Amino acid sequence: MGDAKKTQTTSWFKGVKAEFKKIVWPDQKSLTKQTIAVVSTSVALALIIKILDMIMTMGIDILVTL
């Protein structure tokens with residue numbers, strides 16, 4: 001029973017190693033462009049959410065004071 005588990009584990013690691021060989025890693029220039037795109041999109045979305053939150057907070061404050 002121990003040998004079957006060892007064979008199964010070895011087979012799993014061989015499969016993982018084979019899959020890692022298939023990975024195509026991006027070059028530095030492409031990685032930099034994609035990173036900048038993700039960070040700028042995240043910042044823009046955060047600003048939009050903050051602005052909407054401020055608008056809704058002001059609206060609720062106006063309704064509460066009526």
Side-chain angles (χ1 to χ4, degrees):
M1 190 154 143
D3 290 335
K5 186 168 182 127
K6 185 177 179 182
T7 303
Q8 195 175 28
T9 304
T10 305
S11 174
W12 183 80
F13 278 113
K14 284 181 181 179
V16 169
K17 187 175 179 180
E19 289 299 319
F20 266 99
K21 287 181 180 181
K22 294 178 185 178
I23 296 174
V24 178
W25 298 101
D27 58 89
Q28 184 70 30
K29 189 174 181 179
S30 174
L31 183 64
T32 303
K33 284 182 180 180
Q34 291 175 3
T35 302
I36 290 170
V38 168
V39 171
S40 60
T41 302
S42 298
V43 169
L45 187 59
L47 289 172
I48 291 169
I49 290 172
K50 179 62 179 174
I51 291 168
L52 289 173
D53 180 56
M54 290 172 57
I55 291 169
M56 286 190 274
T57 302
M58 282 191 265
I60 290 172
D61 287 343
I62 291 170
L63 291 174
V64 168
T65 56
L66 290 178

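Source: prediction; values computed, not measured.
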What I'd like to find out is whether the side chain of D61 reaches to under 4.5 Å of the side chain of T65, using heavy atoms alone. no

Spacing of L45 atom CG and S40 atom OG [to the nearest 0.5 Å]: 11.0 Å

Apply side chain to side chain contact (heavy atoms under 4.5 Å, CB included) to F20 and I23, showing your working. CA-CA 5 Å; F20 266 99; I23 296 174; 3.5 Å; yes

Sequence neighbours left out, what pairs pass side-chain hydrogen bond (donor to acceptor under 3.5 Å, both in side chains) with at least one residue falling in residues 14-24? E19-K22

Heavy-atom closest pair (T41 atom, A37 atom, distance to 0.1 Å) is OG1-O, 2.7 Å

Considering the options T9, T10, V16, which one meets the side-chain contact (heavy atoms from CB on, under 4.5 Å) requirement together with W12? V16

Assigning hydrophobic clusters by single linkage (Ile, Leu, Val, Met, Phe, Trp, Tyr; side-chain heavy-atom cutoff under 4.5 Å), is I48 placed with M56? yes

Which residue in the set V38, T32, L31 passes side-chain contact (heavy atoms from CB on, under 4.5 Å) when paired with T35? L31

